[in-house]
Amino acid sequence: MSDIKPIAMTLGEPGGIGPELAIKAWLARAEHNLPPFFILSPKIIMDQTTEALGLQVKTKVIDEVSQTGKFFEDALPVFEIPGNGEDIKPGTASSKTASIVIDSIIHGVNLTRSGTASAVVTNPIQKSVLYQAGFNHPGHTEFLAELSGPGTIPVMMLANSQLRVVPMTIHIALSEVPKQLTAEIIKQLVRITTASLQRDLGLKKPRLAIAGLNPHAGEDGSMGDEEIKVIRPAIMELRDEGFDVVGPLPADTMFHAEARANYDVALCPYHDQALIPVKTLDFHGGVNVTLGLPFIRTSPDHGTALDIAGKGIARPDSLIAAIKMAADMARKRAAGNAASQGA
Ligand SMILES: NC(=O)C1=CN([C@@H]2O[C@H](COP(=O)(O)OP(=O)(O)OC[C@H]3O[C@@H](n4cnc5c(N)ncnc54)[C@H](O)[C@@H]3O)[C@@H](O)[C@H]2O)C=CC1
Ligand SMILES: NCC(=O)COP(=O)(O)O
């Protein structure tokens, strides 16, 4: 019997590699000692995928999430979402299946928020086709924050065994970054990240490093002044509040091995500045986790990989790492809650 409630896994883009990865993760359950999880999907989609890949995998529709553990050893538990497999072609994303993709996320979040599931692990979505269907959130991160209620500030963190990064702005055009990177945002992100690393990762006093926006962190204002006007003042205030935070550091020299030893997480002004080093160091071992939500959400660090969908060659490593990280976080939260109740 598992020590945590089952993990809810969303379908992601059905024309991408998500369904294949879910099946491969289930096949690897014993090797990786994975806790019971279930997939939120029409059963037909999972059955079509196993058949197309020639895998011997049974699926089992569950009426209640609590049945997950009972069936997990013999079959992949499916929490049935309405829909059919008609519009699905591996390698092609389609807006016709957007409602299945979105329903899967909403149900996963509801089950996790209610405490029925211990965490939600999301498979990758093809953002462009969801936009065509009227989805007006840049990605999961922002959608999950909206589902969590007003005032939620989601923090995207990507992590592997060598590096953790937080992009301080997420899915926005580069030209918008200097406008949206305010001292207030930086302070909020540092506070949320520090609290999450303490509670969910067990780091007592997390060390944070903040990257500059401009080359050489602005070179004393000669190559941009955001470091002087925005980033440094925020860091000074945070240090006065007791946070262990340094910067602004030149981004080009803060990711080599010796530099990484000096901090637990790097906060970067924009998406690619943060994600390029972490994905370069270990693409297949990376996990995307959203901090600052009232529930646990992790995800693989990669996307829908339409170029390889249906070929049977997608690697489930990152999804497996996401399941393990979600389970670890759930255990730490449960232990923390038990300790605070006992105190
Ligand atoms: N959490 C999410 O929902 C995410 C969604 N995306 C979305 O995915 C779509 C495609 O994004 P791309 O930039 O092309 O990135 P991608 O990660 O889907 O693909 C980049 C390259 O890595 C390979 N790759 C990715 N995952 C793999 C795996 N598990 N095993 C083997 N090879 C793998 C692909 O075949 C491709 O060559 C976009 O719509 C993007 O928005 C991207 C990242 C995260
Ligand atoms: N590049 C990371 C990414 O796109 C993840 O997006 P999200 O769907 O997890 O918000």
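Counting starts at 1 for both ligands and their atoms, in listed order. Just so it is clear, the structure is predicted and the values come from calculations on it, not from any experiment.
Here atom 4 (C) of ligand 1 lies nearest to K127 when heavy atoms of H140, K127, E20 are compared. Heavy-atom proximity to atom 44 (C) of ligand 1, evaluated over M156, K311, H302, K279, is greatest for H302.
Residue H284 touches ligand 1 through its side chain alone, judged by heavy-atom distances below 4.0 Å. In D307, the part holding a heavy atom less than 4.0 Å from any atom of ligand 1 is the side chain.
Closer than 4.0 Å to atom 30 (N) of ligand 1 lies at least one heavy atom of the protein. Within 4.0 Å of atom 13 (O) of ligand 1, not a single protein heavy atom is present. Atom 18 (O) of ligand 1 lies below 4.0 Å from at least one non-hydrogen atom of the protein.
Looking from atom 40 (C) of ligand 1 to the surrounding protein, the closest heavy atom is I125 O, 4.3 Å. Looking only at protein heavy atoms, the nearest one to atom 6 (N) of ligand 1 is G303 CA, 3.5 Å. Nearest protein neighbour of atom 27 (C) of ligand 1, counting heavy atoms only, is I17 CD1, 4.0 Å.
Each of the following atoms of ligand 1 lies closer than 4.0 Å to a heavy atom of F283: 17 (O), 22 (O), 24 (N), 25 (C).
Counting side-chain heavy-atom gaps under 4.5 Å among Ile, Leu, Val, Met, Phe, Trp and Tyr, the cluster of L130 also holds V101, I102, I105, I106, V109, V120, I125, Y131, F135, F143, L144, L147, L293, F295.
By the 6.0 Å contact criterion, NZ on K5 is open, its count of non-hydrogen atoms from other residues, nucleotides or ligands being 12 or less.
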Could you go through ligand 2 and note, for every N or O atom, any protein N or O atom closer than 3.5 angstrom, writing the atom names and distance to 0.1 Å, or 'none'?
from	atom 1	to	atom 2	distance (Å)
ligand 2	1 (N)	H271	NE2	2.8
ligand 2	4 (O)	K127	NZ	3.1
ligand 2	4 (O)	H171	NE2	3.0
ligand 2	6 (O)	K127	NZ	3.3
ligand 2	8 (O)	K127	NZ	3.2
ligand 2	8 (O)	H140	N	2.9
ligand 2	8 (O)	H140	ND1	2.9
ligand 2	9 (O)	N288	ND2	3.0
ligand 2	9 (O)	R297	NH1	3.1
ligand 2	9 (O)	R297	NH2	2.9
ligand 2	10 (O)	H140	N	3.2
ligand 2	10 (O)	T141	N	2.9
ligand 2	10 (O)	T141	OG1	2.6

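Among the atoms of R315, some N or O lies under 3.5 angstrom from an N or O of ligand 1.
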